[in-house]
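As the structure lists them, so they are numbered: ligands from 1, and atoms in each ligand from 1. Throughout, residue positions are numbered sequentially from 1 according to the sequence presented.
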Amino acid sequence: QNLKLPIIDVAELLGPNRSHVLRTIAEACENYGFFQVVNHGMEGDVSRYMIEVCKRFFELPYEERSKYMTSDMSAPVRYGTSFNQSKDNIFCWRDFLKLSAHPLPDYFPYWPSSPSDFRSLAAIYAKETKEMFDLMVKAILESLEIDGEGDKAAEELKEGSQLVVVNCYPPCPQPELTLGMPPHSDYGFVTLLLQDDVEGLQIMYRDEWVTVDPIPGSFVVNVGDHLEIFSNGRYKSVLHRVLVNSTKPRISVASLHSFPLTSVVKPSPKLTDEHNPPQYMDTDFATFLQYISSREPKWKNFLESRKIHHIR
Ligand code: AKG
């Protein structure tokens with residue numbers, strides 16, 4: 001079953017219809033945890049070149065790619081196929097390349113220098129997705145109607161972290177036996193996902209897995225764990241997974257944006273009171289790292305572990 005996600009037209013968001021678009025954003029974040037953006041301002045060439053140069057990265061000889069393999073979660077560049085290759089019994093049917101991207105000058109020198117145009121194309125892409133994030137986050141926070149609290153969070157998020165995750169899913173001879181990525185929600189505030197024209201992304205909607213129709217040139221935007229916590233559960237960080245197929249390779253590029261790694265993430269005081277107590281414990285990056293390094297399987301939902309169960 002395929003799902004058409006709510007579509008947000010950024011040109012319209014910036015025009016006289018802003019309040020109507022903000023309501024659509026709020027409803028999408030409440031009901032789907034996902035929406036797609038079009039007319040977002042990124043030139044088609046920037047996204048096309050990014051996908052194309054990433055394809056070439058994954059075609060490099062293994063010796064070249066494996067230079068970036070590491071189990072150090074805080075390394076500025078990580079290449080791999082699994083959460084922890086040396087420990088995990090089951091691998092996903094994907095290769096990934098993770099690039100820390102903000103502030104760009106701090107990380108850029110560590111990015112792969114092969115293919116020779118990789119760094120420059122990925123840098124343009126990272127910079128433009130960061131700009132798109134700043135714009136989307138302003139709108140998402142405005143849609144929560146929390147005034148100054150939203151502005152404060154937007155300022156903090158401007159200096160937050162950005163991780164660009166490139167996923168390569170090769171064709172799989174027996175796709176029904178595996179997944180490109182197991183069910184997970186995204187750690188972070190918001191993810192902006194670019195996919196090529198091959199479908200594969202599925203989201204949990206009304207207790208069923210549904211496939212998201214790729215719209216060429218669009219971005220899929222999804223609520224991350226930080227936003228669910230910050231909105232005290234109003235906006236949903238929804239489980240998603242990736243299917244693979246037997247004929248076509250697929251590339252996707254996820255840009256994950258979070259509060260700064262040192263921030264403590266908590267429900268906005270504007271969204272809690274005596275009738276609506278906080279639904280989540282305060283959370284920081286160290287808690288997340290501890291969680292993923294201490295449990296098997298790693299993709300179990302981190303957010304569940306942060307929920308407060310009030311006794312009525
Ligand atoms: C992720 O990188 O966290 C994803 O969920 C990727 C989704 C996709 O490949 O469509």
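- Checking each of L227, L192, V137 against H257 for a side chain to side chain contact (heavy atoms under 4.5 Å, CB included) leaves exactly one that passes, namely L192.
- Under 4.0 angstrom from ligand 1, the non-hydrogen atoms of L193 all belong to its side chain.
- For ligand 1, the atoms sitting less than 4.0 Å from at least one non-hydrogen atom of A254 are 2 (O), numbered in the order shown with element in parentheses.
- Within the structure, the closest approach of R250 to ligand 1 falls below 4.0 Å when heavy atoms are considered.
- Contact annotation: for D186 versus ligand 1, heavy atoms closer than 4.0 Å belong to the side chain alone.
- Side-chain contact between E199 and N2 is present, with heavy atoms from C-beta onward closer than 4.5 Å.
- Side chain to side chain, E12 and N17 meet the donor-acceptor criterion of an N or O pair below 3.5 Å.
- Residues I25 and I8 have side chains in contact (heavy-atom distance under 4.5 Å, counting atoms from C-beta outward).
- For atom 6 (C) of ligand 1, the closest heavy atom belonging to the protein is N167 ND2, 3.5 Å.
- Cation-pi contact between K55 and F58: absent, since separation from the ring centre below 6.0 Å together with deviation from the ring axis within 45° is not met.
- Between H240 and ligand 1, at least one N/O pair is under 3.5 Å apart.
- In this structure, atom 7 (C) of ligand 1 lies nearest to the protein heavy atom V242 CG2, 3.6 Å.
- Remark: aromatic rings of F230 and Y235 are distant, center separation not under 6.0 Å.
- Heavy atoms of F96 found under 4.0 angstrom from ligand 1: none, in either backbone or side chain.
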**Stepwise ring pair (Phe, Tyr, Trp, His ring centres under 6.0 Å) check, F96 with Y79** = CA-CA 6 Å; F96 65 77; Y79 168 76; 7.1 Å; no
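- The single protein non-hydrogen atom nearest to atom 1 (C) of ligand 1 is M181 CE, 3.5 Å, given as residue, atom name and distance.
- Considering E30, E145, E228 in turn, E30 is the only one that fulfils the salt bridge (Lys or Arg N to Asp or Glu O under 4.0 Å) rule with R234.
- Residue-ligand proximity, Y169 to ligand 1, at heavy-atom distances under 4.0 Å covers atoms 6 (C), 8 (C), 9 (O).
- Residue contacts with ligand 1 include H184, since one or more of its heavy atoms lies under 4.0 Å from the ligand.
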